[in-house]
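Structure first, commentary second.
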Amino acid sequence: MEREKVYYVTTPIYYVNSSPHIGSTLTTLAADILARYQKMQGLRVWFLTGTDENAIKVHRAAQERGIPTSQFVDELAEEFQQAWRVMHIEYDDFIRTTEPRHVRVVQEFFRRMLEKGDIYKGVYEGWYCVSDETFFAPSDVGEDKLCPNAECRRPLQWVQEEDYFFRLSAYGNRLLQYIEQNPDWLEPEFRKNEVIAFIKQGLRDQSVTRANPCWGIPVPGEPDKVIYVWFDALINYVSATGWPDDIECYQQLWPAVHLMGKEIFVRFHATLWPAMLMSLGLPVPERVFGHGWWTIGGEKGSKSKGNLPHPVQLAKDIATWSGAEFDIAVDAERYLLIREMQFGLDSEFSEESFRKRYNSDLANDLGNLLNRTLNMVWRYAEGRVPRPLQANAEVAELAADIVRGIAEETYRFRLNGVLEQIWRMVSRLNKYLDEQAPWSLYRAGETERAQGVLYDVLEGVRLCALWLAPTMPVATARIWQQLGIDAMPVKASWQAESAWGRLQPGTSVQQPQPLFPRITEEAVMATAERETDMEQNNLITIGDFQKLDIRIAEVKMAEPVPNTSKLLKLTIDIGGEERTLVAGIAETYSPQDVVGTQIVVLTNLQPATIRGVQSQGMLLAAEVDGKAILLTPDKPVPVGSKVR
RNA sequence: GGCGGCGUAGCUCAGUCGGUCAGAGCACACGGCUCAUACCCGUGGAGUCGGCGGUUCGAGUCCGCCCGCCGCUACCA
């Protein structure tokens with residue numbers, strides 16, 4: 001049986017210390033688009049993504065939350081999978097580095113490299129932060145010898161530890177040679193140059209173990225050591241193929257096309273990983289592509305800074321702003337994430353420009369094109385695809401040229417370029433309608449000519465949907481549906497369906513319905529206002545304040561709450577009514593200090609039982625260094641006076 | 001510090017070997033159309049192509065220097 005090489009595309013395995021963000025979404029989306037495109041080309045495709053779960057930090061994050069690490073990683077892996085489903089991302093395999101199928105292979109890599117002599121025992125030394133459990137390179141450590149982590153800044157220790165090293169230094173020349181002989185191997189070009197510079201400065205051996213037995217993949221024969229996470233993580237691309245047990249599967253899949261963010265391109269995917277493969281005598285990856293980041297104010301956006309939207313939330317926003325259904329909004333976001341990103345370079349994220357792009361490209365150009373054309377089909381052709389009048393050579397040629405362009409752009413990973421290609425057709429069709437003015441032809445009694453024009457435009461729209469299917473699998477299916485085609489473009493054969501004239505005359509089209517409703521300023525403002533009110537500003541209305549019943553009270557009695565250091569139980573007079581309060585002021589005031597004092601009390605607070613005592617209100621105090629300083633009137637006032 | 005890159009219309013960016021290269025999209029202005037999601041089509045812009053100097057018959061396009069910004073420079077999935 002002949003083995004058919006599979007188009008095998010991967011994303012990095014994501015670090016499960018937080019939820020998926022827009023950066024990991026970009027990589028995964030790009031892989032999804034490539035996978036779908038190649039499937040449509042008729043290739044067998046295997047799309048792998050997953051999660052990295054062996055880092056010490058993961059273990060510590062779980063401990064902080066007080067749950068077992070295994071449960072923690074289960075939950076996060078599920079969260080990633082959930083996010084990908086929502087974003088219409090269809091992977092074929094999801095690998096988790098805690099799975100036995102991966103652990104075994106990592107250990108096998110280790111054993112073989114050890115046998116070969118490419119892994120040897122040595123001493124690892126460096127500045128170590130006990131709190132962060134992390135080593136830092138000398139170049140990262142300042143004169144002060146404090147932890148470079150801005151949130152830590154504790155003194156570092158110079159630590160030596162016996163570890164295993166990978167003889168990376170031996171592979172520099174082979175890597176350079178390979179890069180030279182395979183000019184398309186690393187993309188984009190300018191990043192390839194960084195790799196060359198990096199290797200030329202001389203590679204140092206890489207430590208591949210850590211003395212930490214609590215979380216990670218054990219080093220064979222060394223129970224107190226685990227494999228360094230990078231060595232572990234990279235191998236996922238091979239362990240998912242079934243190597244070394246299922247050689248047949250491995251041979252069909254490997255080598256892979258790797259996609260990743262630029263931060264892990266040079267050192268890991270373009271250097272360390274190929275060298276590891278060379279050590280085992282395995283083929284290096286087929287292609288390696290490092291894309292840029294979404295930035296905010298020129299800086300890498302991160303979830304912790306909270307400045308980039310969560311991908312699912314962004315889809316919800318798009319749906320709210322535009323009124324599009326959620327699945328269409330998801331596809332719109334997929335389009336925007338690719339179209340607005342100069343692939344390979346960093347791009348500045350802006351909701352504003354996303355909205356503009358949505359309106360101009362999706363609503364005005366493509367969506368409206370479909371809508372206006374279908375409307376005319378109903379007016380001038382009774383809702384059926386009319387007959388073409390004569391072969392429209394110019395538009396058909398443009399289609400063929402675009403198909404070539406898409407292939408070229410896809411090969412170079414310039415997915416935004418693919419979309420630009422497709423919009424050549426969208427623009428041409430809008431212009432074509434204007435030039436031919438079928439509405440005028442119809443009025444002039446030239447119904448057949450008008451219908452011929454409509455056929456051309458419908459056919460052009462059909463092609464655009466076909467070409468856009470990898471990017472917008474759901475929305476394009478809707479376009480075909482409206483054209484009366486009973487099939488999904490994403491399941492179609494690219495080559496067969498790219499031929500001009502496949503649309504069958506006589507097909508009943510649907511009533512036009514705007515696929516991408518325009519985003520209006522009003523809708524955006526309304527959404528923003530709601531959000532502002534709800535979360536951001538912390539502003540309240542005067543009405544909110546008036547709900548508070550704040551009065552002057554006088555303390556009648558006070559006693560400590562037993563077995564507490566901070567609490568006093570107070571009996572107060574709020575003007576003809578006595579109340580009991582529990583107040584956290586015992587560190588500052590003794591009972592005799594407060595008896596007879598006039599204080600400020602919030603009286604209509606829901607009662608709460610504190611240490612077995614019901615507190616019917618809350619006294620107001622200033623907080624100074626964690627201690628309470630009572631508020632009291634400037635001069636004696638009648639008890640029960642209202643504060644406003 | 002070393003290596004690499006960038007600085008072109010209000011914004012985001014194209015400009016391969018030096019000679020219609022001064023461009024595209026968006027935004028803006030005006031005009032047209034009216035089938036359409038106030039949409040589409042057309043037209044327009046006194047941009048010193050970061051600055052200075054050089055090579056050349058001719059330079060965003062090559063060389064030198066300067067200014068500004070950025071990336072990489074080994075263990076942060």
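Below, chain A is the first sequence line, B the second, and so on; all start at residue 1.
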How is A:Arg518 classified with respect to the nucleic acid when contacts are heavy atoms under 4.0 Å: base, sugar-phosphate, or nothing?
base

Conformer about C1'-N of B:rG60 - syn within 90° of 0, anti elsewhere:
syn

With sugar-phosphate meaning primed atoms plus P, OP1 and OP2, does A:Leu369 contact a base, only sugar-phosphate, or nothing at under 4.0 Å between heavy atoms?
nothing

Return the 5'-most residue of the pair A:Val195, A:Ala233 with respect to RNA chain B, ranking by each residue's nearest nucleotide.
A:Val195

Does A:Ile196 reach a base, just sugar-phosphate, or nothing at all? Heavy atoms under 4.0 Å.
nothing

What's the gap between B:rU73 and B:rG54 when it is taken at their P atoms, as a whole Å value?
40 Å

Taking only N and O in the side chain of A:Asn375, is any of them less than 4.0 Å away from OP1 or OP2 of B:rA36?
yes

Can you see whether A:Tyr91 engages A:Thr11 through a side-chain donor-acceptor pair at a distance of less than 3.5 angstrom?
no

Would you indicate what A:Tyr124 reaches in the nucleic acid, counting non-hydrogen atoms under 4.0 angstrom: base, sugar-phosphate, or nothing?
base

Consider the side chain of A:Lys356, meaning its heavy atoms from C-beta on, and name the nucleotide among B:rC26, B:rA14, B:rG71 that approaches it most closely.
B:rC26

Using the C1' atoms only, state how far B:rA59 lies from B:rU48, rounded to an integer number of Å.
14 Å

Between B:rC35, B:rG71, B:rC3, which nucleotide gets closest to the side-chain atoms of A:Arg443?
B:rC35

Starting at the 5' end of RNA chain B, which residue's closest nucleotide do you reach first, A:Gln513 or A:Tyr237?
A:Gln513

Which value, in whole Å, describes the distance between the C1' atoms of nucleotides B:rC21 and B:rG47?
13 Å

Assess whether side-chain contact (heavy atoms from CB on, under 4.5 Å) is satisfied between A:Leu186 and A:Arg191, documenting all intermediate values.
CA-CA 8 Å; A:Leu186 303 177; A:Arg191 247 186 260 294; over 6 Å; no

Can you tell me how far P in B:rU61 sits from the matching atom in B:rU20, rounded to whole Å?
14 Å

side-chain contact (heavy atoms from CB on, under 4.5 Å) for A:Asn416 and A:Met341? Distances and angles first, verdict last.
CA-CA 7 Å; A:Asn416 59 318; A:Met341 167 68 73; over 6 Å; no

Nearest to side-chain heavy atoms of A:Trp439, which nucleotide of B:rC72, B:rC33, B:rU37
B:rC33

Describe the nucleic acid contact of A:Phe190 in one word from base, sugar-phosphate, nothing, applying a heavy-atom distance below 4.0 Å.
nothing

Measuring only the C1' atom in each nucleotide, how far is B:rG10 from B:rG44? A whole number of Å is fine.
15 Å

So what does A:Pro517 hit on the nucleic acid, given a heavy-atom distance under 4.0 Å: a base, only sugar-phosphate, or nothing?
base

Pi-cation contact, A:Trp185 with A:Lys192 (under 6.0 Å, within 45°)
no

What does A:Tyr380 touch in the nucleic acid at a heavy-atom separation under 4.0 angstrom: a base, only the sugar-phosphate, or nothing?
sugar-phosphate

Identify which nucleotide among B:rC76, B:rU37, B:rA36 has an atom closest to any side-chain atom of A:Leu515, counting heavy atoms from C-beta outward.
B:rU37

Phosphate OP1/OP2 of B:rU12: any A:Arg357 side-chain N/O under 4.0 Å:
no

From C-beta outward on A:Ala363, which listed nucleotide comes closest to its side chain: B:rU37, B:rC3, B:rU73?
B:rU37

Take the protein atom CD of A:Glu340 and the nucleotide atom C1' of B:rG25, then report the distance between them rounded to whole Å.
11 Å

What is the nucleic acid contact for A:Leu429, judged by heavy atoms within less than 4.0 Å: base, sugar-phosphate only, or nothing?
nothing

The dot-bracket string of RNA chain B, counting Watson-Crick and G-U wobble pairs with both distances under 3.5 Å, using [ ] for crossing pairs and | for pairs to another strand, is (((((((..((((.....[...)))).(((((.......))))).....(((((..]....))))))))))))....

Write down the distance separating the P atoms in B:rG60 and B:rG19, rounded off to the nearest Å.
10 Å

Taking CZ from A:Arg210 and P from B:rC76, how many angstroms apart are they, rounded to a whole number?
8 Å

Aromatic ring proximity, centroids under 6.0 angstrom, A:Phe110 and A:Tyr164
yes

A:Arg210 to A:Tyr124 six-membered ring, cation-pi geometry met (6.0 Å, 45°)
yes

Does A:Leu370 reach a base, just sugar-phosphate, or nothing at all? Heavy atoms under 4.0 Å.
nothing

Less than 4.0 angstrom from a charged side-chain N to a carboxylate O is my criterion; do A:Arg428 and A:Glu394 meet it?
yes

If only atom types and distance count, is the side chain of A:Asp163 paired as donor or acceptor with the main-chain N or O of A:Val123 below 3.5 Å?
no

For A:Glu521, I'd like to know if atom CD has over 12 heavy atoms of other residues, nucleotides or ligands within 6.0 Å.
no

Basic-acidic side-chain contact under 4.0 Å: A:Asp401, A:Arg424:
yes

State the CZ-CG distance between A:Arg462 and A:Leu370, to the nearest 0.5 angstrom.
14.0 Å

From CG of A:Asp52 over to P of B:rC76, roughly how many Å is that when rounded to an integer?
13 Å

Dump every N/O contact between nucleotides 40-45 of chain B and the protein below 3.5 Å, one line per pair.
| residue | atom | partner | partner atom | Å |
| --- | --- | --- | --- | --- |
| B:rC40 | OP1 | A:Asp365 | OD1 | 3.1 |
| B:rC40 | O2' | A:Arg372 | NH1 | 3.2 |
| B:rC41 | O4' | A:Asp434 | OD2 | 3.3 |
| B:rG42 | OP1 | A:Lys431 | NZ | 3.1 |

